Protein chains: 2
Amino acid sequence: MNISEVSGKFGLTPDTLRYYEKIGLIPPVNRTAGGVRAYSEHDLNWIDFVMCMRNAGLSIEVLQNYLKLFEQGDSSLQERKEILIEQRQVLAEKIRALQDTVERLDHKIEGYNGQLLEAEHELQNKMVKK
Amino acid sequence: MNISEVSGKFGLTPDTLRYYEKIGLIPPVNRTAGGVRAYSEHDLNWIDFVMCMRNAGLSIEVLQNYLKLFEQGDSSLQERKEILIEQRQVLAEKIRALQDTVERLDHKIEGYNGQLLEAEHELQNKMVKK
DNA sequence: CTAATACTTGGAGTGGACTCCAAGTCAAGG
DNA sequence: CCTTGACTTGGAGTCCACTCCAAGTATTAG
């Protein structure tokens, strides 16, 4: 798979894909004889993982570190696992905060329903008076 | 309440508070004779609301728009409510995405548990052979 | 009354994460 | 063989949301 195919598949621009590789968010992609990137299944998995984590708000730094450890092989298994556990906690906390915010919005929306109802009644009163 | 008190209360720098006012994220704050900001209860409520929404990821633009409508009075009730409902949907969707990501992390963490166990067994095998 | 502190404004600078560009290389269709 | 279009690199530019600064004014403790 070449870069524009991958770009289409994931909705990332070729620039972003090259950028991710350059800064070490995804492993170096193998090239054809001519130096053109040929993405493997393994590469696609990484891209998918990284996009998922980026979308969830993980920083580039954390993911760079994770890849670096991955490339060090089995000796980093424990450390990698700990990173994932830590980030999992962060996300769980984020979910809780978002749920609170949704509740707050719900209250506010309820308040608007009340106000709109009031406004409607007022309108009816006026019409009755007329 | 003056700006540094508010700053302390919310963990925002005075700069950020002034910035939020300047760009219309919170209503203009009343001033003392000397031109010093004196934050009212009303202002504090707005700041709290805005921070909550910013933390949840709402853009400054959406909140500017919401304040603008608020300042137009009751005629914008319906429109404001719709903004809140829309943003509520966005957050609900975000929560769902985060939950999926947490699940994915859980699977990955489980995978690491397996690998670490394997590595441990291997180690034991070696020791037995010795 | 004065020194120190906190406030004001407008504008420049920063950091993260892209995003775009210039200049050059390479491969495939006509 | 030549043109077209995708690829390469390194580096500059952009956008968002602050964050900091300079220069000046106001308030407060002593």
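Everything quoted here is computed from the prediction, not taken from an experiment. A note on names: the letters A, B, ... follow the listed sequences, proteins ahead of strands, and every chain is numbered from 1.
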*Quick one: the side chain of A:D15 and the base of C:dC18, do they pair up donor-acceptor inside 3.5 Å?*
no
Without decimals, in angstroms, what is the distance between [X] [atom1] and [N] [atom2]?
| X | N | atom1 | atom2 | answer |
| --- | --- | --- | --- | --- |
| B:L17 | C:dA6 | CG | P | 16 Å |
| A:R18 | D:dG11 | CZ | P | 16 Å |
| B:I3 | C:dT8 | CD1 | P | 5 Å |
| A:Y39 | D:dT8 | OH | C1' | 12 Å |
| B:K22 | D:dC20 | NZ | P | 15 Å |
| B:L12 | D:dC20 | CG | C1' | 16 Å |
| A:E21 | D:dG10 | CD | P | 11 Å |
| A:E61 | C:dG15 | CD | P | 13 Å |

*Determine the contact category for A:R54: base if any of its heavy atoms lies under 4.0 Å from a base atom, sugar-phosphate if only primed atoms, P, OP1 or OP2 are that close, otherwise nothing.*
sugar-phosphate
*Base, sugar-phosphate, or nothing for A:I23, non-hydrogen atoms under 4.0 angstrom?*
nothing
*Under 6.0 Å between the ring centres of A:F49 and A:Y66?*
yes
*Is the number of heavy atoms from other residues, nucleotides or ligands under 6.0 Å of B:E122 CD greater than 12?*
no
_Distance alone, cut at 3.5 Å: any donor-acceptor contact between the side chains of A:S4 and A:S7?_
no
Side-chain N,O ([X]) to OP1/OP2 ([N]) below 4.0 Å:
| X | N | value |
| --- | --- | --- |
| B:S4 | C:dC7 | yes |
| B:T13 | D:dC20 | no |
| B:R37 | C:dT8 | yes |

_Assuming nearest nucleotide by heavy-atom distance, tell me which of A:V36 and B:Y20 is located more 5' along DNA chain D._
A:V36
*Mapping A:N2 and B:Y19 onto DNA chain D by nearest heavy atom, which one lands closer to the 5' end?*
A:N2
To the side chain of [X], which of [options] is closest?
| X | options | result |
| --- | --- | --- |
| B:I60 | D:dA17, D:dC21, D:dG10 | D:dA17 |
| B:T32 | D:dT27, D:dT19, C:dT19 | D:dT27 |
| A:R31 | C:dC18, D:dT8, D:dA17 | D:dT8 |

_Gap separating the OH atom of A:Y20 from the CH2 atom of A:W46, nearest 0.5 angstrom_ = 13.5 Å
*Between B:R96 and B:E93, does at least one N-O distance fall below 4.0 Å, as a salt bridge requires?*
yes
